[in-house]
Amino acid sequence: MVTFRKMKKQDVPMLYEIALRAFQPDYEKYGVYPPLLKTEKKGFLPPLMFGKVILADGKEVGGTFVVAMGKKGEVGAIFIDPEQQKKGYGRQVMMEIEKQYPKVKRWKLDTPSANYHLHRFYESLGYVKTGEIKDPRSEMAGFVYEKTM
């Protein structure tokens, strides 16, 4: 079972290492990590107030950044330790996010355009592709997905 707790400053080193491992395939493919990872400072760009530690049966397995303002919400990132992937945690995380923010009526997120596994995953949760973005630091293109509750 997946739960969350608020991210604290002392969580950052451990979560940063998990994020590096989780996003390594994208780095190998595109030569950059997602913009939320600040490799020079070994930290994250979003303020900690938006961060949550993902716990599976009480054990820290990853993190997420979620912004909810009124009826709109955005999932900035979800990262789960590769050793803990393929256990259904991602689906549980998304469902828990939606449950914790019942006032949000429209969710938004983005994902690499070449990550077909994630496209199928988000689409299976009711997300629809609504746009495309391009990372100015690399050739990495992304798809924007949205879900109306």
Side-chain angles (χ1 to χ4, degrees), residues 1-9 11-12 14-16 18-27 29-30 32-38 43-149:
M1 177 178 174
V2 167
T3 57
F4 301 126
R5 71 170 164 76
K6 186 174 170 53
M7 192 180 291
K8 299 174 187 160
K9 192 173 183 175
D11 294 319
V12 171
M14 175 262 309
L15 290 174
Y16 178 79
I18 290 174
L20 281 180
R21 291 192 301 274
F23 293 120
Q24 186 64 31
D26 288 336
Y27 179 78
K29 186 168 190 166
Y30 301 107
V32 294
Y33 286 103
L36 76 108
L37 272 176
K38 294 299 158 198
F44 300 101
L45 173 64
L48 288 182
M49 66 185 277
F50 300 121
K52 297 181 181 299
V53 178
I54 300 169
L55 304 158
D57 299 318
K59 181 184 178 210
E60 297 143 335
V61 297
T64 185
F65 289 91
V66 180
V67 178
M69 296 170 66
K71 294 183 178 185
K72 294 182 179 181
E74 185 163 346
V75 180
I78 296 174
F79 51 93
I80 297 174
D81 194 315
E83 293 179 7
Q84 299 298 321
Q85 292 177 6
K86 308 284 188 224
K87 296 181 179 182
Y89 296 149
R91 183 170 300 279
Q92 291 177 45
V93 166
M94 293 299 291
M95 293 171 72
E96 188 62 26
I97 288 171
E98 292 173 2
K99 183 176 155 187
Q100 285 191 10
Y101 299 95
K103 292 181 181 177
V104 172
K105 301 302 177 201
R106 188 163 199 85
W107 285 101
K108 182 179 175 182
L109 57 84
D110 61 67
T111 191
S113 61
N115 195 327
Y116 306 110
H117 172 74
L118 284 178
H119 302 174
R120 285 190 304 275
F121 170 70
Y122 291 124
E123 290 166 6
S124 77
L125 293 169
Y127 283 78
V128 176
K129 180 185 165 198
T130 59
E132 297 184 17
I133 56 174
K134 187 132 185 153
D135 183 337
R137 303 172 303 150
S138 69
E139 292 301 311
M140 185 173 177
F143 290 164
V144 177
Y145 277 88
E146 294 186 23
K147 180 179 181 179
T148 301
M149 306 302 286

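The line from OG1 of T111 to CG of D26 is 7.5 Å long, rounded to the nearest 0.5 Å. Going from atom OH of Y122 over to atom NE2 of H117 covers 9.5 Å, rounded to the nearest 0.5 Å. Taking OG1 of T3 as the start and NZ of K52 as the end, the distance is 11.0 Å to the nearest 0.5 Å. Note that CG of L125 and OH of Y145 are 11.5 Å apart. Values are rounded to the nearest 0.5 Å. To the nearest 0.5 Å, the span separating CD1 on I97 from CD1 on I54 amounts to 7.0 Å. In this structure, the separation between OH on Y127 and NE2 on H119 is 14.5 Å, given to the nearest 0.5 Å.
A donor-acceptor contact shorter than 3.5 Å links the side chain of T64 to the backbone of A77. Judged by distance alone, the side chain of D57 and the main-chain N or O of M1 form a donor-acceptor pair under 3.5 Å. The closest donor-acceptor contact from the side chain of N115 to the backbone of P112 lies at 3.5 Å or more, if one exists at all. Without hydrogens or angle criteria, E96 side chain to V2 main chain gives no donor-acceptor distance under 3.5 Å. Counting only distance, with no hydrogens or angles, the side chain of K71 and the backbone of A68 share no donor-acceptor pair below 3.5 Å.
Closest approach of P102 to K99, counting heavy atoms only: CD-O, 3.5 Å. Scanning both residues, Y30 and A114, for their nearest heavy atoms gives OH-CB, 3.0 Å. When all heavy atoms of G90 and I80 are compared, the pair lying nearest together is N-CD1, 3.7 Å.
By the 4.5 Å heavy-atom criterion applied to side chains, Y16 and K38 are not counted as neighbours. Counting heavy atoms from C-beta outward, E60 and D81 have side chains that stay 4.5 Å or more apart. Here the side chains of F4 and L55 are not in contact, with every heavy-atom distance at 4.5 Å or above. Contact check for M140 versus K29: no side-chain heavy atoms found under the 4.5 Å cut-off. Side-chain contact between K147 and E98 is present, with at least one heavy-atom pair separated by less than 4.5 Å.
Looking at E123 and K129, no side-chain N of the basic residue comes within less than 4.0 Å of a carboxylate O on the acidic one, giving no salt bridge.
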After noting the C-alpha distance and the side-chain angles of W107 and T148, does the key distance pass the side-chain contact (heavy atoms from CB on, under 4.5 Å) rule? CA-CA 7 Å; W107 285 101; T148 301; over 6 Å; no
Derivation of the side-chain contact (heavy atoms from CB on, under 4.5 Å) call for E74 and L109: CA-CA 6 Å; E74 185 163 346; L109 57 84; 5.7 Å; no
Show your reasoning for whether ring-ring contact (aromatic ring centres under 6.0 Å, His included) applies to F44 and F79. CA-CA 12 Å; F44 300 101; F79 51 93; 5.6 Å; yes
Mind running side-chain contact (heavy atoms from CB on, under 4.5 Å) on V144 and I133 for me, showing each step along the way? CA-CA 7 Å; V144 177; I133 56 174; 3.7 Å; yes
Is there a side-chain contact (heavy atoms from CB on, under 4.5 Å) between F50 and M7? Walk through the geometry before answering. CA-CA 8 Å; F50 300 121; M7 192 180 291; over 6 Å; no
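Other residues, nucleotides and ligands contribute over 12 non-hydrogen atoms within 6.0 Å of the CE atom of M149. Other residues, nucleotides and ligands place more than 12 heavy atoms under 6.0 Å from the NZ atom of K134.
Each of V61, I78, V66 was checked for a side-chain contact (heavy atoms from CB on, under 4.5 Å) with V93, and the lone residue meeting it is I78. Checking each of K108, K72, R106 against E146 for a salt bridge (charged side-chain N to carboxylate O under 4.0 Å, His left out) leaves exactly one that passes, namely R106.
With sequence neighbours excluded, the residues satisfying side chain to side chain contact (heavy atoms under 4.5 Å, CB included) with K87 are Q84, Y89. With sequence neighbours excluded, no residue forms a side-chain hydrogen bond (donor to acceptor under 3.5 Å, both in side chains) with S113.
In summary, the aromatic rings of Y33 and Y27 are positioned with their centroids under 6.0 Å apart.
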